[in-house]
Every structure is written in structure tokens, then in C-alpha cells.
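We number each residue from 1, following the sequence as shown.
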Amino acid sequence: MSTDKWKETIVALATPPGIGAIAVIRLSGEHSISAVNTLFPSKNLAEAQANTVYVGLLVENNKTLDEVVVTIFKSPKSYTGQDSIEISCHGSPYIQKQIIEACIRSGARLAEPGEFTMRAFLNGKMDLVQAEAVADLIASETKAAQETALTHLKGGFSHVLAALREELISFSALIELELDFSQEDVEFADRSKLKNLLSIIDHTVVELIQSFQFGNAIKNGVSVAIVGKPNAGKSTLLNALLNENRAIVSEIPGTTRDTIEEILNINGILFRLIDTAGLRSSTDAIESIGVERSLEKMKAADIVIILFDVQEATVEELMELIAPMKDSNNPIIYVGNKSEKVSDSIKQKFLACNPIFISAKEKINLNTLLDAIYNEVIS
């Protein structure tokens, strides 16, 4: 067998470990087909055509391991670009272990984590963006995450960048040609086309930066800190958005002593809602720690909701609340709670903050707030 690590035959379980109806064991490498052929008396796999499927028994030393389905893939038309074979067996962990060990005794070695995709990348079956998209697709938890990963897996920006790269190389060659004839009054590279190309590249780079931010939000979730003074209704709002009683709600100020985090799916994007302790000075040691943690979450959050009681708050108090974020560019959404209890004239004094007026208790105007949170990510 070749000593080249990337040509060695590797084997690994392709489906999650555990009990199931079936499991799939994958092999890839120069000797993957021959390694299984020694265990598969039903068919001479060395003579099998590519993209064919066979049913039969896996046998080692006259001992039947399982009845399996074997699928043949031949280089270069396989996931890794190498000869590959997949064994669909019954999903018993014991059977899986027996088959993998038999394949190892037949000349394969256990694959390292991600090695199949690594080989696909090294063999030019996918670029680095596509290779990363494989892991993102496997880990996707929402429709948006799935669609983003699939876009990258199919090429996405890779094709655009490749085309721009070819144009740049072409212009570079023409400019070098002009330098070779610098004594002559000739022009091979069209300057107007070059300026247009640079404009397109600039626009594409901006799109890439924006798509990274959006893709990162889809992949990792967006942290949303709900902050405000005690009894502003933060816990009530969290419960209303989640539609469950996740946080303790009380008329006693300072009920929330620590942060509470929950996941909310809005239009396919995961948002981590963080209910924080009320921001105020306190002599209570535990509450003071909670306030410090609230400030930390506020500074680290992707989006901050400043929740205030429309009946009691002032604009000056709101400015004090956002003071810790003076060096941050992260978006702030002002939300006036308990708005069903006040007149429009009282609401007018907060208009400079462009707030969203809601009632967390009565679940009034919550959809407007959800839309605002979502739009901060996609805008």
C-alpha cells in the first residue's frame, strides 16, 4: 500500500453512532474496493461497474458479519475523487464495529475526523468554501442555515470570484505586455474596462463582507439582550416572545438576579434572547453581581433591546441606560412597555428614540418587535 497518507484506504462510519434501522460505512482510497471485495463473496467487486449497487453477505474467515448493500463509486466520479465504496448494514453498534474492524484487517485504516471531505478538497472536488459548507450543512438547525450552506456547497460566491480572478489575470497579462513595449505608443489593456472591473470587484467585496455577517448570524445565532430598569417587564417580555413561562415574573423589583437565555426562531434565524437583571444601584451583593453580568451581556450582544415602562421612564433615564454602549455600533431597539395604560400624549416624549410601543403582559404589538429584531440582521 502507498505510504502517501492521502492515498491510503480509509474507513469510517458515515452515519451517526448508535442503534438504527441501517448504518452506512464508507471507504475511500486506492484499495477501498479490493478491501471490501475480500469480504464480499457474492460478487467480484473488482469487475463491478461504477455507480452500481449489490446485495449480499459480508463474510470474514467463514463467519457471516451481516447482509449488506454495497455501492461502488470509481475515481474521479466520487465524493472524494478516489475509488470509494459504501456499505449499508443493519444499525446494530456491534455489527458496525465488526464490519469496520474487518475492513481494517483487509487493509484500510480508520479515517481521521473530516478526512473524507479533506480528500475531496485536495482532489479538487470542492474548494475551501464548499468544504466548510459541508460541516455547516450537517450542523444546520434552521431553513435559513440549510439554504445558506447549500448555496455555498453549490459554489455560491466561489464561481463569481473565479470569474473575476480570470479577468484580473487577463488584464494583468495585457498590462505586462504593455510594459514589454514601453518604448512604443501602444495600449493593449482597455482602461475603461479595467475601471469597470475594479468597480465590480469593489461591489463584490462589500457583498462578501455583508454576506459573512449575515451568514455568521444564521450559523451561530444572534444574541439579543433585553435590558432595562427593575420591573420594566423584561421577564414578562421574554415569556411572551417564547410563549411560555420561562422566567419568574413578580411585582417585586429585582426578581431576576442572573441572566436567562433562550432560543427563538424568527423566519429561520436563531436568536438568543437574554433576560438580564434590572439595571440599578443595589446594596444587595447578589443583585449587584447580576447587574454586572447584565452590563457584560449588554456590551457583548449583537442587538440590545432597551425596555422601559412608558408610565415611569424618562428620556434622560434611557440615555443613562445606553451609556455603557457609547463605544459600540451594535443596534439598539427602544421598546416602550405597558403602553396600553398611557395616552398618546405621554408616548410623544419618547419619539426621539423611535420606540416600539408594546404590552408584554397583553401581548400587544409583539409582531412589530419581532420584525424589528429580524430586520436588524437582514438589513
Side-chain angles (χ1 to χ4, degrees), residues 140-148 210 213-250 255-256 259-276 278 294 297-298 301-313 315 318 321-322 325 330-379:
S140 61
E141 296 181 352
T142 66
K143 181 180 180 181
Q146 176 207 27
E147 290 177 347
T148 300
Q210 292 174 342
Q213 294 170 340
F214 182 57
N216 195 52
I218 289 175
K219 178 180 176 182
N220 300 319
V222 182
S223 59
V224 182
I226 305 173
V227 301
K229 287 184 169 295
N231 257 19
K234 298 181 296 299
S235 297
T236 303
L237 177 59
L238 178 69
N239 290 341
L241 294 176
L242 296 174
N243 202 28
E244 63 175 276
N245 292 324
R246 175 62 181 85
I248 297 173
V249 176
S250 170
T255 304
T256 302
T259 59
I260 300 174
E261 298 191 21
E262 285 293 333
I263 299 295
L264 180 65
N265 186 326
I266 307 176
N267 298 331
I269 298 177
L270 296 182
F271 291 84
R272 291 187 291 108
L273 302 181
I274 308 169
D275 179 20
T276 63
S294 296
K297 292 291 184 181
M298 182 180 179
D302 298 312
I303 299 172
V304 175
I305 292 177
I306 300 295
L307 188 71
F308 61 94
D309 186 335
V310 181
Q311 301 174 96
E312 299 180 3
V315 175
L318 299 185
L321 287 176
I322 66 168
M325 295 189 64
N330 289 347
I332 298 172
I333 301 174
Y334 294 92
V335 180
N337 191 24
K338 307 177 185 179
S339 61
E340 81 283 6
K341 298 180 179 181
V342 300
S343 63
D344 289 341
S345 60
I346 294 179
K347 297 178 184 177
Q348 291 290 327
K349 64 181 181 180
F350 298 105
L351 291 184
C353 300
N354 192 28
I356 298 171
F357 293 106
I358 69 163
S359 171
K361 184 177 181 180
E362 303 298 331
K363 298 186 178 180
I364 297 173
N365 216 23
L366 294 185
N367 285 336
T368 302
L369 174 57
L370 291 174
D371 290 341
I373 296 171
Y374 178 75
N375 289 333
E376 288 293 351
V377 176
I378 65 172
S379 60

Please round to the nearest 0.5 Å and tell me the distance separating atom [atom1] of [X] and atom [atom2] of [Y].
X	Y	atom1	atom2	value
Ile373	Leu273	CD1	CG	6.5 Å
Leu237	Leu307	CG	CG	5.5 Å
Lys338	Ile364	NZ	CD1	13.5 Å

Indicate the atoms forming the closest heavy-atom contact of [X] with [Y], along with that distance.
X	Y	value
Glu340	Ile358	OE1-O, 4.4 Å
Ala360	Ala240	O-CB, 3.6 Å
Val227	Lys234	C-CD, 3.6 Å
Pro355	Phe350	CD-O, 3.2 Å
Leu351	Gln348	CD1-OE1, 2.9 Å

Main-chain N/O of Ser339 paired to Ser359 side chain as donor or acceptor, under 3.5 Å: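 Side chain of Ser359 to backbone of Ser339, a donor-acceptor pair under 3.5 Å: no, none is there.
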
Polar side-chain atom of Ser223 near backbone of Asp302 as donor-acceptor pair, under 3.5 Å: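 Yes, the answer is positive, given that a donor and an acceptor are paired below the 3.5 Å cut-off.
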
Passing option when Val377 is tested against Ile266, Ile269, Asn267, Val224 for side-chain contact (heavy atoms from CB on, under 4.5 Å):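 Testing each of Ile266, Ile269, Asn267, Val224 against Val377, the sole residue satisfying side-chain contact (heavy atoms from CB on, under 4.5 Å) is Ile269.
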
Partner of Ile356 by side-chain contact (heavy atoms from CB on, under 4.5 Å), out of Asn337, Ile305, Asp371, Thr368: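 One option only clears the test, and that one is Thr368.
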
Ile346 side chain near Ser343 side chain, heavy-atom distance below 4.5 Å: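 With C-beta onward as the side chain, the pair touches.
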
Side chain proximity check, Asp275 to Glu262, heavy atoms < 4.5 angstrom: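 With C-beta onward as the side chain, the pair stays apart.
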
Pair Asn265-Leu270, side-chain contact (heavy atoms from CB on, under 4.5 Å): steps then yes or no: CA-CA 5 Å; Asn265 186 326; Leu270 296 182; 4.0 Å; yes

Mutual orientation of the aromatic rings belonging to Phe308 and Phe357 [parallel < 30°, tilted 30-60°, perpendicular > 60°]: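 Correct class here is perpendicular.
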
